[in-house]
Protein chains: 2
Amino acid sequence: MPKIVDHDQRRHRLAEAVWSLTLRDGLEGVTLRKVAVEAGVSMGQVQHYYATREQLVRDALDRAVQALNARIDAAIRATDSASAETTLRECLRALLSRDPESLRLLQLSVAVVGRSISDPAMVSVLAPGSSELLEFTATLIAAARQERGTPPRGNGLIDADICWSLITSLGVDVAVGQRSPDDALTVLDYHLDNLLG
Amino acid sequence: MPKIVDHDQRRHRLAEAVWSLTLRDGLEGVTLRKVAVEAGVSMGQVQHYYATREQLVRDALDRAVQALNARIDAAIRATDSASAETTLRECLRALLSRDPESLRLLQLSVAVVGRSISDPAMVSVLAPGSSELLEFTATLIAAARQERGTPPRGNGLIDADICWSLITSLGVDVAVGQRSPDDALTVLDYHLDNLLG
DNA sequence: ATTTTTGCAATGCAGTTGCATTGTAATAGA
DNA sequence: TCTATTACAATGCAACTGCATTGCAAAAAT
């Protein structure tokens, strides 16, 4: 069997093109022809890897959210041996990274949220409600409070929920340019200081 | 001069049609012809009131955000004589109203956010960053803490900022159907109880 | 009663869209 | 070497798009 190419690499290139077009022209500005030009390939190649435009867009946005989640996981693993409080801070800060690529992914995730109001299938792409992450965060919060000598309080899962909801909202503000990353970090630190006593 | 009609009423009808189409088909599914059909008017009438499709969509989304803000204001005014804590709770709860029309407006606002990542002009439509509202909320928080006999603490403006960021995030979750209104209210109440001591 | 301005309605049109179809170069297996 | 399969490339097409244009009925102003 002939001419074996790396399918995943091709799809990734196309997804990158979709990302750029989405950020520049919006999701409705993503057309097969523009994607082909942006990726520097023929339109035939786009069709070869995706049967329909909808599948193309969905896979591209899916990859964006996955990539952002991977960055959060990486942030967690990067502070593996540190204190619980450091790990907690860093993994929440991951969403507010000043790295331009993270900002891109964050903006794309916002686009996914916007689309999900009319396309329920898009909701499944979003993973912030994953209960494992919430439980892990709750564990971190409890450990960090213990490190500070603060007694346990209330419902740790809700505390974790609030943390992620807060940085999600701050992340959206940063993504649309309505809040500076520095300001967002200030708000996050303020909240964590209160939370950890 | 002849045949005077209520321009604002006509535009409102068209905006309603844009809303329905946006929630059903997404922003990219809003076409002049579909808006005309949905509103039960001719395409000529749509063109008569809006020079371009872009102006039509922008005005419709603008009206949605304005309507949602009006509901928040109404919630504040409705509890005018109540305690600060009640006013605070109710005005934050306004975003999470179980009223279907509020949910519609909330979903449309989410669509605006999604669009604003590729259309910076859309950001101006969003008003959550209005400093007056933040200051007012900070005042409410301080008053509510005093009612409870809790001493002042930290930065009231940031506390207010966190409150609005939190309900914004909860509101998005509710809008996309990833969280029930009841769950969102539970989280909000938990946060307020911690905040007010 | 006539005119003139307003508020549409209807149609036309060029451009763009997603997708189907067809053709073809390259290469792995026989 | 032959062949079958993969990976595209090129083109075609019907449907739809936003917008321009034109026509026309109703009513306020004269």
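Treat the numbers as computed from the prediction; the structure is a model and nothing was measured.
Of the residues in residues 9-27 of chain A, none has a non-hydrogen atom less than 4.0 angstrom from any atom of DNA chain C.
Taking 4.0 Å as the cut-off between side-chain N and carboxylate O, B/Asp6 and B/Arg13 do not count as a salt-bridged pair. Under 4.0 Å is where a charged nitrogen must lie from a carboxylate oxygen, and between A/Arg24 and A/Glu38 at least one such pair does. The residues B/Arg63 and B/Asp59 are annotated as salt-bridged, a charged nitrogen and a carboxylate oxygen being separated by less than 4.0 angstrom. In this structure, B/Arg148 pairs ionically with B/Asp193, as a charged nitrogen and a carboxylate oxygen lie closer than 4.0 Å. Look at B/Arg115 and B/Glu28 and you find no salt bridge, because none of the NZ, NE, NH1 or NH2 atoms lies under 4.0 Å from a carboxylate O.
Nucleic acid contact for B/Val35: none, since no nucleic acid atom lies under 4.0 Å from a heavy atom of the residue.
Residue whose closest nucleotide on DNA chain C sits further toward the 5' end, between B/Tyr49 and B/Met43: B/Tyr49. Residue order along DNA chain D, read from the 5' end via each residue's closest nucleotide, puts A/Val41 first among A/Val41 and B/Thr52.
For B/Gln47, no side-chain nitrogen or oxygen approaches OP1 or OP2 of C/dC8 to under 4.0 Å. At C/dA9, one or more side-chain N or O atoms of B/Gln45 fall inside 4.0 Å of OP1 or OP2 (strictly under the cut-off). Taking only side-chain nitrogens and oxygens, B/His7 comes nearer than 4.0 Å to OP1 or OP2 of C/dG7.
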Can you tabulate the close N/O pairs, meaning under 3.5 Å, that link protein atoms to atoms of nucleotides 13-16 of chain D?
none

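For A/Glu54, the CD atom is loosely surrounded, since the number of other residues' heavy atoms within 6.0 Å does not exceed 12.
Taking the six-membered ring where the residue is Trp, B/His191 and A/His191 present tilted rings, their angle falling between 30° and 60°.
Shown here are the side-chain contact (heavy atoms from CB on, under 4.5 Å) partners of A/Asp159, two or more places apart in sequence or in another chain: A/Ile141, A/Arg153, A/Leu195, B/Tyr190, B/Asn194.
Distance, B/His48 NE2 to C/dT5 C1': 11 Å, rounded to whole Å. Look at CG on B/Leu32: it is 15 Å from C1' on C/dG12, rounded to the nearest Å. C/dT17 atom P lies 13 Å from atom CZ of B/Arg53, rounded to whole Å. Between the C1' atom of C/dC19 and the CD atom of A/Glu54 lies a distance of 14 Å, rounded to the nearest Å.
Two residues are said to be in side-chain contact when any heavy atoms from C-beta on lie closer than 4.5 Å; B/Leu95 and B/Ser102 fail this criterion.
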